[in-house]
Amino acid sequence: RLNLPGGRVSIAELGAGWKRQAPPLDPMLRSYVLRQAQVPWYKRFNWYSFALYRYKVYDVIWRISATATIGATIYLGVAVVQTWNASVHRTWQHYARKERERAELMEYIHQAREKGILPPSKVHGFE
């Protein structure tokens, strides 16, 4: 039994017509629907809404690009400073090693002259 607006009715009483049919369309609405079916999609498309979404996408792409550019600039700046620092440190190590070896060599020469192994220097007043 079904509760329908006309009262309780069994499906058997409804017979073959128990499935409800859609009500007939208003003739004006029907002609509008048929006309809209023949209009191409690009004329029915909401281009204003599309433009708004497109600009939202462009804003996101711009934000990502700007962030990536700033990040890359900072990264490259840090890399340049670190490379420069490593280069200066390597140059200083080379200079310190050279000066240490020169001082050791001068000490050996000084000891050899004191023992008489090497003749006295022709250059005087140079240390």
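What you are looking at is a predicted structure, and each value in this text was computed from that prediction instead of being measured.
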Spacing of CE belonging to M106 relative to CD1 belonging to I109, to within rounding of 0.5 Å | 6.0 Å
Would you give the length of the straight line joining atom OG of S65 to atom CH2 of W62, rounded to the nearest 0.5 angstrom?
-> 9.0 Å
Applying side-chain hydrogen bond (donor to acceptor under 3.5 Å, both in side chains), name anything that partners Q93, two or more places apart in sequence or on another chain.
-> H89
Should we say atom CH2 of W47 is surrounded by more than 12 heavy atoms from elsewhere, each under 6.0 Å from it?
-> yes
Is the Y58 ring parallel, tilted or perpendicular to the Y55 ring (thresholds 30°, 60°)?
-> perpendicular
For atom CZ of F45, decide whether the heavy atoms of other residues, nucleotides or ligands shown that lie under 6.0 angstrom number more than 12.
-> yes
Qualifying salt bridge (Lys or Arg N to Asp or Glu O under 4.0 Å) pairs with a residue from residues 88-99, counting only residues at least two apart or across chains | R97-E101, E99-R102
T83 meets the side-chain contact (heavy atoms from CB on, under 4.5 Å) criterion, sequence neighbours left out, with none
Flag yes if V80 and V88 sit in one hydrophobic cluster, no otherwise; membership is Ile, Leu, Val, Met, Phe, Trp, Tyr, and two members link when side-chain heavy atoms are under 4.5 Å apart.
-> no
